[in-house]
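As the structure is a computational prediction, the values presented were derived from the model and not from experiment.
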Amino acid sequence: MLKFDINLLWTFVNLIIFYVFIRLVLFKPIKKAMDKRQEIIDENLDDAKKANEDAQQIKSDYESKMSDYAGEGKEIISKARQDARSEYEKIITRANNEADKIKSDARKASEIDAENTRRAVKEDIANLAIEAAQKVVEREVNPELDSTFYDKFINESSDD
C-alpha cells in the first residue's frame, strides 16, 4: 500500500509553491505580452477591415462617378449631334431659300429683259413701218391705203 510520509507532503507543498511562483513570475508576464500582441493583432485586423471598407466605398464611388461620367458623355455627344443636325437643317433651309430667291430674281430679270426686248423690237418695227410708210407716202398718197395700212400695223403690234 501506499505509505504516507512527510517527504510526500513536502513534495506536494513544493509543487504548489513552485506552481504559484511560476504562475506569478512566468505566466503573468507571458500572458500580458500575449494579450498585448493579441490587442495589436486585433487593432491591425480592425484597421485592415476599415481600410478594406474604405477602399470598397472609394471603389463604389469611383464606379458610380464613372457611370455618371459615361452617361454625361453620351448626353453631350447626343446633344452635339442634335445641334449639328439642327445647324445642318438651318444651313440647308437658308441655302434653299437663297437658291429660290436667286431663281425668282433671275426669272424676274429674264421677264424684264424679254419685255425690254419686245419693246425694242416693237419700236424697231414701228420705226421700220414709219420708214416704209414714208416711202409709200412719197410714192403715192392715198388716204384709204394709209388708213388700212395703219390699222393693220396697230392690230399686229397689239397682238404681240
Side-chain angles (χ1 to χ4, degrees), residues 1-131 152-160:
M1 230 174 131
L2 192 32
K3 259 179 136 178
F4 184 71
D5 76 1
I6 197 100
N7 284 335
L8 185 63
L9 181 64
W10 280 111
T11 306
F12 186 67
V13 170
N14 281 336
L15 274 172
I16 290 175
I17 293 172
F18 184 68
Y19 175 73
V20 170
F21 176 73
I22 286 181
R23 184 159 165 96
L24 290 176
V25 173
L26 199 61
F27 285 149
K28 276 193 176 184
I30 289 175
K31 186 161 175 28
K32 277 185 182 179
M34 286 179 69
D35 287 342
K36 282 185 180 180
R37 282 193 177 179
Q38 187 63 42
E39 283 179 26
I40 292 171
I41 290 170
D42 289 341
E43 280 182 28
N44 287 342
L45 284 175
D46 289 342
D47 290 345
K49 284 180 184 177
K50 187 176 178 184
N52 190 20
E53 289 172 359
D54 290 345
Q56 290 297 327
Q57 181 65 34
I58 291 170
K59 180 183 173 190
S60 66
D61 289 346
Y62 172 78
E63 287 174 350
S64 72
K65 285 180 182 179
M66 287 305 292
S67 66
D68 290 346
Y69 293 148
E72 287 177 19
K74 287 178 183 178
E75 286 179 26
I76 290 170
I77 289 171
S78 175
K79 187 175 184 320
R81 283 185 179 152
Q82 286 177 339
D83 291 346
R85 273 192 216 110
S86 174
E87 191 64 28
Y88 171 78
E89 293 297 327
K90 286 178 186 177
I91 290 170
I92 293 298
T93 302
R94 261 189 264 136
N96 286 336
N97 289 341
E98 288 179 22
D100 290 343
K101 184 180 177 190
I102 290 170
K103 286 179 186 177
S104 174
D105 291 346
R107 220 177 277 123
K108 286 178 185 176
S110 173
E111 289 173 3
I112 290 171
D113 285 345
E115 184 62 32
N116 289 340
T117 304
R118 276 190 221 118
R119 281 190 202 136
V121 168
K122 281 184 181 181
E123 286 178 11
D124 288 345
I125 290 174
N127 288 337
L128 287 174
I130 291 173
E131 286 179 16
K152 193 175 185 183
F153 176 73
I154 290 175
N155 286 335
E156 287 178 7
S157 296
S158 63
D159 288 343
D160 292 337

Rounded at 0.5 Å granularity, tell me how far [atom1] in [X] sits from [atom2] in [Y].
X: Asp105; Y: Ile112; atom1: CG; atom2: CD1; value: 9.5 Å
X: Gln82; Y: Arg85; atom1: CD; atom2: CZ; value: 7.0 Å
X: Met34; Y: Ile41; atom1: CE; atom2: CD1; value: 9.5 Å
X: Leu45; Y: Ile40; atom1: CG; atom2: CD1; value: 12.0 Å
X: Lys65; Y: Glu72; atom1: NZ; atom2: CD; value: 11.5 Å
X: Glu111; Y: Arg118; atom1: CD; atom2: CZ; value: 8.5 Å

| query | Between Asn52 and Ala48, is there a donor-acceptor pair closer than 3.5 Å when you use the side chain of the first and the backbone of the second? | reply |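 No, because the side chain of Asn52 does not come within donor-acceptor range (under 3.5 Å) of the backbone of Ala48.
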
| Does the Ser110 side chain pair with the main chain of Ala106, one donor and one acceptor, at a distance under 3.5 Å? |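 Such a contact is absent between Ser110 side chain and Ala106 backbone.
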
Could you give the side-chain donor-acceptor pairs of residues 91-101 under 3.5 Å, partners two or more places apart or in another chain?
residue: Thr93; atom: OG1; partner: Glu89; partner atom: O; Å: 2.7
residue: Asn96; atom: ND2; partner: Ile92; partner atom: O; Å: 3.4
residue: Asn97; atom: ND2; partner: Thr93; partner atom: O; Å: 3.4

Would you say the side chain of [Y] lies within less than 4.5 Å of the side chain of [X], judging by non-hydrogen atoms?
X: Glu63; Y: Ser67; value: no
X: Arg107; Y: Lys103; value: yes
X: Lys122; Y: Arg119; value: no

| message | I'd like to know if Lys50 pairs up with Asp46 as an ion pair, taking the criterion as any Lys NZ or Arg NE/NH1/NH2 lying under 4.0 Å from an Asp or Glu carboxylate oxygen. | response |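 No, Lys50 and Asp46 are not salt-bridged.
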
